[in-house]
Amino acid sequence: MEAKTNGPSVNAGRVMDGPTNPMVTPLLTDLYQFTMAYAYWKAGKHNDRAVFDLYFRKNPFGGEFTVFAGLEECIKLIANFKLTEEEISFICETLPGSCEEGFVKYLRNIDCSDVEVYAISEGTVVFPKVPLLRVEGPVAVVQLLETPVLNLVNFASLVATNAARHRLVAGKSKMLLEFGLRRAQGPDGAISASKYCYIGGFDATSNVAAGRLFGIPLRGTHSHAFVSSFMSPDEILERSLHRSDGSSTCEDFVSLVQSWLSKIQWAKALGNTVGETNQSELAAFTSYALAFPNNFLALVDTYDVMRSGVPNFCAVALALNDLGYKSVGIRLDSGDLAYLSGEARKIFQIIEKEFGLPSFGKTSITASNDLNEETLDALNKQGHEVDCYGIGTYLVTCYAQAALGCVFKLVEINNQPRIKLSEDVSKVSIPCKKRCYRLYGREGYSLVDIMTGENEPCPKVVGERILCRHPFNESKRAYVVPQRVEELLKCYWPGKSGKVREELPALKDIRDHCIKQLEQMRPDHIRRLNPTPYKVSVSAKLYDFIHFLWLNEAPVGELQ
């Protein structure tokens with residue numbers, strides 16, 4: 001199944017389709033956004049031109065990087081932002097006091113035709129303080145966008161980052177499957193998690209709805225219930241199976257499986273370690289193989305992995321091999337995964353040698369059972385033979401951290417820069433409309449992100465030293481001579497500006513971009529333990545302006 005294109009489409013007069021979740025409407029916001037809109041309107045300020053930055057203050061999961069996700073859904077919301085008569089009536093009934101008819105008329109005409117959105121490309125590795133989105137437009141309209149946009153970015157970026165961290169621990173060669181649907185926080189939590197885990201580097205999902213909506217590859221076989229539902233091979237009524245090339249038919253596949261089990265039990269190379277296996281489990285495996293001969297993967301821990309599950313799988317796999325089919329592998333869902341995967345691999349390798357079956361020793365081993373970053377790291381240290389991981393609860397619920405904590409701050413209104421002050425320096429905002437750049441070094445790794453004023457010249461790659469300053473700590477500064485400069489913010493919704501709009505890429509392209517981004521990061525920035533903080537800076541001019549505005553806005557105390 002191929003990933004679908006997520007770009008704009010013309011549908012019933014729309015610029016592009018609406019958000020994936022139909023609950024994402026202009027009413028998916030906090031009440032105070034509408035109370036402020038009314039107050040702005042009453043004060044005649046509702047059309048004041050405002051600039052807001054959406055950013056976060058701290059990387060999640062104790063790490064030093066974040067994957068930005070959720071942009072596509074934000075643009076779809078903005079493209080279709082329009083209140084219905086029913087929604088307007090509800091708002092007017094809900095607001096304290098009474099709404100004037102003029103405000104009702106204003107609400108009827110609200111849309112995002114005069115809003116501009118500049119954003120970092122979805123799937124990009126991002127860092128604290130750097131704007132992920134810059135939203136410009138009439139202040140009342142932009143404030144109405146605040147809550148839904150934060151909602152669409154916060155979880156998306158958190159779960160994409162969680163997925164990327166699991167990918168980094170597992171390594172490039174391992175298959176990662178998202179199995180979190182049944183444990184996710186409701187239907188939207190599940191659908192969103194499937195989409196953004198795929199962006200973060202997972203290969204497939206068990207979520208059928210997500211597969212249909214987004215074109216994410218689907219994976220899944222059977223559960224313990226399927227295995228335990230069988231009592232004996234006598235229950236299998238349809239026993240015939242065509243050869244893979246259709247040249248002939250095996251009339252009694254069940255007997256063929258039994259004959260191979262007998263050969264395995266008597267194989268000297270296995271040292272007579274295989275005794276009687278659970279026949280109901282064998283019946284379940286055989287039945288599943290008859291249904292899916294090209295995709296036979298067996299869950300082998302219902303009764304006993306090494307005494308029953310693995311030998312029964314091998315018997316069915318060898319019978320399928322006789323008919324030209326290649327089995328996929330086994331899944332381990334309990335027990336000591338490092339030990340069991342190693343022992344299973346030994347049996348596969350012995351059978352390959354004993355019966356002359358090329359590549360049987362490389363049969364895939366999938367592990368599941370409440371896996372997380374720590375489990376994967378422990379397995380790597382112990383040594384294992386797992387090829388594929390099925391990860392659910394800890395992944396989709398972001399068990400290690402509940403939220404990312406993105407914020408949406410006013411940085412300019414009517415061309416006047418604004419700043420939000422706090423005794424906690426980490427909560428001080430960086431004022432004015434900014435441009436953001438990523439500077440790369442000789443080895444191809446990114447060195448630093450730098451924010452400049454909108455009208456400052458772009459950093460040049462001509463051997464020019466660029467002074468990069470910490471926004472708030474005057475002693476932290478460094479010169480950088482970049483080998484490459486990348487501007488981060490691009491126009492994804494031009495409003496009435498006439499600028500060219502960036503197209504929304506296909507989901508697979510976003511995933512590929514994310515993987516490439518992680519490869520461009522210095523290893524010490526993305527390592528799991530004690531990662532090196534990535535430098536986020538401002539230009540010398542912006543640094544001076546921040547502190548000028550800070551002093552100008554902060555009240556001067558008086559000692560009595």
Side-chain angles (χ1 to χ4, degrees), residues 1 163-180 194 197-198 200-206 216-224 227 285 288-289 292-302 305-306 309-318 320-321 325-353 355 357-395 511 515 518 528:
M1 186 179 286
R165 291 177 62 86
H166 281 76
R167 167 54 73 193
L168 290 170
V169 178
K172 294 179 183 179
S173 65
K174 305 302 179 187
M175 176 82 72
L176 293 182
L177 311 177
E178 178 268 308
F179 281 177
S194 296
C197 285
Y198 183 67
F202 271 60
D203 298 289
T205 179
S206 65
I216 301 171
L218 291 169
R219 293 289 184 276
T221 53
H222 61 80
S223 69
H224 295 109
V227 177
F285 289 178
Y288 198 82
F292 300 101
N294 285 304
N295 294 283
F296 176 57
L297 188 149
L299 178 59
V300 296
D301 68 337
T302 303
V305 173
M306 299 311 301
V310 170
N312 279 340
F313 162 79
C314 290
V316 177
L318 292 170
L320 285 171
N321 182 76
Y325 299 101
K326 184 177 180 181
S327 299
V328 175
I330 64 171
R331 178 161 72 96
L332 301 168
D333 193 46
S334 60
D336 186 332
L337 299 177
Y339 170 77
L340 292 172
S341 65
E343 292 301 300
R345 179 71 66 209
K346 288 176 188 175
I347 290 180
F348 296 156
Q349 291 169 343
I350 290 169
I351 286 177
E352 176 180 331
K353 250 184 172 181
F355 299 110
L357 299 173
S359 78
F360 193 84
K362 296 178 181 177
T363 295
S364 177
I365 299 173
T366 298
S368 47
N369 186 31
D370 279 343
L371 302 179
N372 55 30
E373 262 192 81
E374 287 72 24
T375 314
L376 300 187
D377 189 47
L379 285 169
N380 289 339
K381 290 172 180 174
Q382 293 168 37
H384 64 88
E385 289 292 334
V386 176
D387 304 294
C388 174
Y389 296 105
I391 308 177
T393 307
Y394 289 92
L395 174 69
R511 180 181 184 272
I515 291 168
L518 290 168
R528 185 166 173 270

Test side-chain contact (heavy atoms from CB on, under 4.5 Å) applied to L177 and C388, step by step = CA-CA 7 Å; L177 311 177; C388 174; 3.5 Å; yes
Any donor-acceptor N or O pair under 3.5 Å, side chains S368, D333 | yes
Side-chain H-bond candidate by donor/acceptor type, E385 with S341, under 3.5 Å = no
Sub-3.5 Å donor-acceptor pair from the side chain of E178 to the main-chain atoms of G180, do we have one?
-> yes
Look up atom CG in L395 and atom CZ in F202, then write down how far apart they are to the nearest 0.5 Å.
-> 4.5 Å
Which heavy-atom pair separates L320 from P293 by the least distance, and what is that distance?
-> CD2-CB, 3.9 Å
Interatomic distance, CG@L168 vs CD1@I515, rounded to 0.5 Å, equals 10.0 Å
Could you give me the CA-CA distance, side-chain angles and deciding distance for L376 and H166, then say whether side-chain contact (heavy atoms from CB on, under 4.5 Å) is met?
-> CA-CA 8 Å; L376 300 187; H166 281 76; 4.2 Å; yes
Side-chain heavy atoms of N312 within contact of V316, under 4.5 Å = no
Run the numbers on R345 and D387 for side-chain contact (heavy atoms from CB on, under 4.5 Å), then give the verdict.
-> CA-CA 11 Å; R345 179 71 66 209; D387 304 294; 2.7 Å; yes
Does OH belonging to Y325 count more than 12 external heavy atoms closer than 6.0 Å?
-> yes
State whether the side chain of R331 and the backbone N or O of Y389 hold a donor-acceptor pair below 3.5 Å, judged by distance alone.
-> no
Mind telling me whether Y288 and F296 have parallel, tilted or perpendicular rings, with 30° and 60° as the class edges?
-> tilted
Does any non-hydrogen side-chain atom of N321 lie less than 4.5 Å from one of F355?
-> no
Rounded to the nearest 0.5 Å, what's the gap from NZ on K346 to CD on E343? Could you check?
-> 4.0 Å
Is a side-chain donor or acceptor of R219 paired with a backbone partner of F179 at a separation under 3.5 angstrom?
-> no
Looking only at heavy atoms, which two atoms of Y198 and P217 are closest? And how far apart?
-> CE1-CD, 3.8 Å
Give the minimum heavy-atom separation between A338 and G383, together with the two atoms involved.
-> CB-O, 3.5 Å
CG/L297 to OG1/T221 distance, rounded to the nearest 0.5 angstrom?
-> 5.0 Å
Considering all heavy atoms of both residues, which atom of D301 and which atom of L332 are nearest to each other, and what is their separation?
-> OD2-C, 4.5 Å
Is there a donor-acceptor pair under 3.5 Å between the side chain of N380 and the backbone N or O of V169?
-> yes
Can you list the steps and then say if I330 with T366 is a side-chain contact (heavy atoms from CB on, under 4.5 Å)?
-> CA-CA 6 Å; I330 64 171; T366 298; over 6 Å; no
Heavy-atom closest contact (S359 atom, K326 atom, distance) | OG-NZ, 3.8 Å
Minimum side-chain heavy-atom gap Q382-L337 below 4.5 Å = no
What distance do I216 atom CD1 and S194 atom OG have between them, rounded to the nearest 0.5 Å?
-> 6.0 Å
Which pair of non-hydrogen atoms, one from I391 and one from L371, has the smallest distance, and what is that distance?
-> CG2-O, 3.4 Å
Is a salt bridge present between D377 and R165, judged by a nitrogen-to-oxygen distance below 4.0 Å?
-> no
State, with a plain yes or no, whether a side-chain heavy atom of V300 is found less than 4.5 Å away from one of F285.
-> yes
If only atom types and distance count, is the side chain of N372 paired as donor or acceptor with the main-chain N or O of Y394 below 3.5 Å?
-> no
Pairwise distance CG(L357) to CD1(I351) - rounded to 0.5 angstrom | 8.5 Å
Between R167, K174, K172, which is the residue that forms a salt bridge (Lys or Arg N to Asp or Glu O under 4.0 Å) with D203?
-> R167
